[in-house]
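The structure appears right after this line, and notes come after that.
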Protein chains: 2
Amino acid sequence: MKKRLLITYLIDLLKLGAGDRLVKAPTIYISHIFGLSQQSTSRVLTELSDLGYIHKEIRDGTVWVILTDRAMEELEMFFKYIDGARKYPGEFIFEGEIVKGLGEGAYYMSKPGYKRQFYRTLGYEPYPGTLNVKLSEPLMITQNKVLRKMKGIYIKGFRDESRTFGSVQVYPAIIMEKLEGAVLYARRTIYGPDIIELISEYYIKGELGLKDGDIIRFKVKLSENY
Amino acid sequence: MKKRLLITYLIDLLKLGAGDRLVKAPTIYISHIFGLSQQSTSRVLTELSDLGYIHKEIRDGTVWVILTDRAMEELEMFFKYIDGARKYPGEFIFEGEIVKGLGEGAYYMSKPGYKRQFYRTLGYEPYPGTLNVKLSEPLMITQNKVLRKMKGIYIKGFRDESRTFGSVQVYPAIIMEKLEGAVLYARRTIYGPDIIELISEYYIKGELGLKDGDIIRFKVKLSENY
DNA sequence: ATTACTAAAAAACGAGTAA
DNA sequence: TTTACTCGTTTTTTAGTAA
């Protein structure tokens, strides 16, 4: 069964008070909450138990359940997601750890072919270098994959004497609620979906007093154009 | 498709910012958020549109969506439910309008066969009369159906000279955060699931300064025994 | 590039029912 | 009373593909 559906059932059980104690949960009346038949309800509870989301036992022939820590973690993540959707609709908020890049960002950012286009679309020439952020939460990684697919501001690739440079996309971002910058996605990249790259007019770490290993937060607000 | 599942998709769209403006939502990348294939995503968006939850249009070959008022109402209800589950797990909070009953409550409540048992289980003899509350929100009505099924404190039926009196169940409740009382469910009742009956040691309306037509709130905390 | 139809496979569902 | 199995039916899903 799909996880997002399982979670809605966990919410129902949480509401019954199963978050911190065993509660009586006869399938025949839980079925009214779940909106399923008694049989399907039994099946769902068994599946939740098999997946380690609930502890289920039968006393005097009726089911009692309590949510596991695993379920509570899953619920917390879901609630966090919902809170974000309610409070900051249209915003992608990221949090991750600053990691050392390979230094190749500086090389690319200094190419006039990119610099001109950045100036035209973002209003400034970026500092020659990118800041790499390592995402660890699964939610962040999904968000990164999705944002990448959305095709923000398109920066065309070009070729100089020696080689070709691929196209990139950028999304204006606010870093640590202070500094303007942008998320940068290179068409061809060596990084996986757990790394996200930032650029700005200024040297980000210096400007914000941060160093490698520090936690950094930033948000991308989706514009009307993408 | 099940409503609870539809709502999770609406939350995803809300997060994208579709709550107040048309947002670009190409099925191929929305599919990453939904956790479905491109084809299923297309089908889900079509269904959401058919059900009146989103307005969907195609510009230059890609889908743009905006949530309808109907969807926002549905989401608000869901959020309210979740907030309740998080803040008051194990509690059933009711809100409804005080309505005039048929006066038959007073007759039943004055029967010694019931009075003795109420005293033993609730610790007091109830005021001879019941307060009828009319529930209008669908969530409240569902909650009422569920609570009724849960079998709280069991009060046995009995017979006197003339007739038999059916069994009832009660759940201790706190009325308007002040007055102790109980929800009463008669085994045989003439009321539908949109009416819920309250009893208390005192005359509830008098004690709380309420009259017919006023809004009343109360909560039932599920005990460890049911 | 998209969207979304068709068709076949997979998953979920509930009635009947045993324990 | 319960729970939960079997099994036939319905619903949901995705690959392939046309537009």
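- What separates NZ of A:K24 from C1' of D:dT3 is a distance of 14 Å, to the nearest Å.
- Salt-bridge check for B:R86 with A:D83: passed, with a basic side-chain N closer than 4.0 Å to an acidic carboxylate O.
- Between B:K2 and A:K149, the residue whose closest nucleotide on DNA chain C is further toward the 5' end is A:K149.
- Rounded to whole angstrom, the span from the NZ atom of B:K3 across to the C1' atom of D:dT11 amounts to 19 Å.
- Atom-to-atom, CG of B:D60 to P of C:dA1 comes out at 16 Å; the value is rounded to the nearest Å.
- When heavy atoms are screened at a 4.0 angstrom cut-off, B:T27 is found touching the sugar-phosphate backbone but no base atom.
- Taking a cutoff of 4.0 Å between a charged side-chain nitrogen and a carboxylate oxygen, B:K56 and B:E47 do not qualify as a salt bridge.
- Under the Watson-Crick and G-U wobble criteria, each requiring two contacts below 3.5 Å, nucleotide D:dT1 is left unpaired.
- Nucleotide D:dT2 holds its P atom 13 Å from the CD1 atom of A:I30, rounded to whole Å.
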Evaluate A:R4 against B:D12 for salt bridge (charged side-chain N to carboxylate O under 4.0 Å, His left out), listing each step before the verdict. CA-CA 11 Å; A:R4 56 173 67 219; B:D12 288 333; 2.8 Å; yes
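- OP1 or OP2 of C:dC13 lies within a sub-4.0 Å distance of a side-chain N or O belonging to A:R43.
- If you measure from atom CG of A:L45 to atom P of C:dC13, you get 13 Å, rounded to the nearest angstrom.
- Protein atom CD1 of A:I28 is 13 Å distant from nucleotide atom P of D:dA4, rounded to whole Å.
- Ring-plane geometry between A:F158 and A:F165 is classed as parallel, the angle between the planes falling under 30 degrees on a 0 to 90 degree scale with a further cut at 60.
- Checking C:dT3, D:dT12, D:dA4 against every side-chain atom of A:K56, the shortest atom distance belongs to D:dA4.
- Judged by distance alone, with hydrogens and angles left aside, A:Q38 brings no side-chain donor or acceptor close enough to the base of C:dG14 to form a pair under 3.5 Å.
- In the set D:dT17, C:dG14, D:dA4, D:dT17 carries the atom at the smallest distance from any side-chain atom of B:Q39.
- The nearest whole Å value for the distance from the CG atom in B:D50 to the C1' atom in C:dA4 is 13 Å.
- Using a 4.0 Å heavy-atom criterion, one finds that A:S40 contacts the bases of the nucleic acid, with or without backbone contacts as well.
- Ring geometry for A:Y108 versus A:Y114: interplanar angle over 60°, hence perpendicular rather than tilted (30 to 60°).
- Computed from coordinates, the B:E47 CD to D:dT13 C1' distance equals 13 Å when rounded to whole Å.
- Where B:V44 and A:A25 meet DNA chain D, the nucleotide closest to each residue was compared, and A:A25 sits on the side nearer the 5' end.
- Of all nucleotides listed (C:dT2, D:dT2, C:dA4), C:dA4 comes nearest to the side chain of B:I58.
- Comparing B:M1 and A:T46 along DNA chain D, the residue whose closest nucleotide (by nearest heavy atom) sits nearer the 5' end is A:T46.
- When each of D:dT13, C:dA4, D:dT3 is scored by its nearest atom to the side-chain atoms of A:P26, the top-ranked nucleotide is D:dT3.
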